[in-house]
Asker: 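I have a structure here, written as structure tokens, and I will follow up with some questions on it.
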Amino acid sequence: TGRQLFNELNDLFSHDPSVVLFSPSPPSDTSSPNIWGRLHWTLMQIQGFNSYTPQTSPNANETFGKCIETSFQSAPEIHVRLTGIIAVGTGLVMVGLPSYDVNSLRDTVRESVKSGECPGYDLKEPFVNDICHSTVLRLTGDGDVGLAEKVLDIARRYGEADLGSMKVDRVNVGEASWRMMDAELEKTP
């Protein structure tokens with residue numbers, strides 16, 4: 001059903017410039033009228049894009065990332081069963097049930113940052129994340145008439161769909177773009 005969802009999102013929205021589609025393999029063709037992002041799961045944002053300030057020390061990002069990544073060394077491999085789609089104010093997200101208590105990992109990261117154990121960034125979470133979700137569609141503008149209805153229809157039809165599963169096999173800590181595209185990530189420290 002997950003493949004069916006992505007095919008339908010592509011068919012409905014791939015030519016709408018007011019929509020960003022997130023895909024496991026986004027096209028690199030920049031002549032497309034819409035914007036693409038790489039499908040990803042964000043454990044949490046240490047700082048929101050609006051409150052982010054770049055580090056002045058060239059090694060701060062790497063040191064911070066390695067410190068945070070130690071929080072994951074004792075965690076087993078995490079599997080997430082994707083159980084449906086929900087509509088949010090900014091688009092559509094896939095939600096899932098993890099095989100491990102990822103909220104305890106988030107709390108460990110929060111404590112490491114707050115206590116100064118992992119120096120380099122202040123904790124300025126734009127929202128406290130307590131679910132497993134991956135954005136599949138982000139609204140960037142007003143869009144055409146009927147866009148909201150199309151988005152809500154997808155959420156209704158895939159609200160409790162078995163979309164498959166994912167395995168978290170790698171954790172990266174660092175500065176990132178919200179689209180997670182290779183060219184943008186290469187520009188971050």
Side-chain angles (χ1 to χ4, degrees), residues 20-24 26 35-140 155 163-189:
V20 177
L21 289 176
F22 288 80
S23 169
I35 304 169
W36 288 89
R38 181 175 312 285
L39 186 66
H40 62 282
W41 173 56
T42 301
L43 178 73
M44 64 188 291
Q45 285 184 280
I46 302 297
Q47 294 185 345
F49 293 107
N50 293 336
S51 62
Y52 164 75
T53 51
Q55 288 298 312
T56 54
S57 166
N59 295 326
N61 187 323
E62 183 177 348
T63 302
F64 180 81
K66 286 181 180 178
C67 181
I68 296 298
E69 287 170 9
T70 61
S71 303
F72 295 87
Q73 290 175 347
S74 62
E77 189 173 79
I78 300 170
H79 295 266
V80 180
R81 188 83 202 143
L82 300 168
T83 59
I85 291 287
I86 60 173
V88 295
T90 56
L92 293 170
V93 297
M94 285 190 302
V95 293
L97 302 170
S99 62
Y100 183 77
D101 180 9
V102 295
N103 286 331
S104 67
L105 288 173
R106 290 174 174 134
D107 288 341
T108 300
V109 169
R110 287 180 185 110
E111 186 54 39
S112 296
V113 174
K114 284 181 184 176
S115 71
E117 178 185 328
C118 293
Y121 294 90
D122 294 329
L123 185 65
K124 298 178 184 174
E125 286 179 276
F127 56 89
V128 177
N129 193 356
D130 67 351
I131 64 171
C132 285
H133 73 283
S134 293
T135 302
V136 294
L137 180 144
R138 178 164 295 169
L139 302 170
T140 62
L163 300 172
S165 62
M166 66 178 170
K167 176 178 76 168
V168 180
D169 58 4
R170 183 179 60 200
V171 174
N172 293 350
V173 177
E175 297 170 355
S177 71
W178 62 271
R179 293 192 319 144
M180 298 297 283
M181 296 296 280
D182 292 338
E184 291 176 354
L185 293 174
E186 289 169 5
K187 294 178 186 174
T188 64

Asker: Provide the closest heavy-atom pair for Thr135 versus Leu39 in the form atom of the first, atom of the second, distance.
Answerer: O-CD1, 3.6 Å

Asker: Where do Leu137 and Leu21 land on the side chain to side chain contact (heavy atoms under 4.5 Å, CB included) test, with the steps shown first?
Answerer: CA-CA 5 Å; Leu137 180 144; Leu21 289 176; 3.9 Å; yes

Asker: Report the distance from atom CE of Met94 to atom NE2 of His133, rounding to the nearest 0.5 Å.
Answerer: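 The distance works out to 10.5 Å.
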
Asker: Let me confirm one number: the CD-SG distance from Glu69 to Cys118, rounded to the nearest 0.5 Å.
Answerer: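 If I round to the nearest 0.5 Å, the distance is 10.0 Å.
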
Asker: What are the two closest heavy atoms between Pro98 and Ile78, and how far apart are they?
Answerer: CB-CG2, 4.4 Å

Asker: For the residue pair Pro26 and Ser23, what are the closest heavy atoms and their distance?
Answerer: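 Closest pair (atom of Pro26, atom of Ser23, distance): CD-O, 3.3 Å.
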
Asker: Please walk me through it: do Tyr100 and Leu105 pass side chain to side chain contact (heavy atoms under 4.5 Å, CB included)?
Answerer: CA-CA 9 Å; Tyr100 183 77; Leu105 288 173; 3.8 Å; yes

Asker: Does the side chain of Arg106 reach to within under 4.5 Å of the side chain of Val109, using non-hydrogen atoms?
Answerer: no

Asker: If only atom types and distance count, is the side chain of Ser134 paired as donor or acceptor with the main-chain N or O of His40 below 3.5 Å?
Answerer: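 A pair under 3.5 Å: yes.
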
Asker: Rounded at 0.5 Å granularity, tell me how far CZ in Phe22 sits from CZ in Arg38.
Answerer: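 Here the rounded value is 11.5 Å.
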
Asker: What's the separation between atom NZ in Lys114 and atom CG in Asp107, rounded to the nearest 0.5 Å?
Answerer: 8.5 Å

Asker: Output the distance between atom CZ (Arg138) and atom CG (Leu92), rounded to the nearest 0.5 Å.
Answerer: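 Spacing of CZ (Arg138) from CG (Leu92) equals 11.5 Å.
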
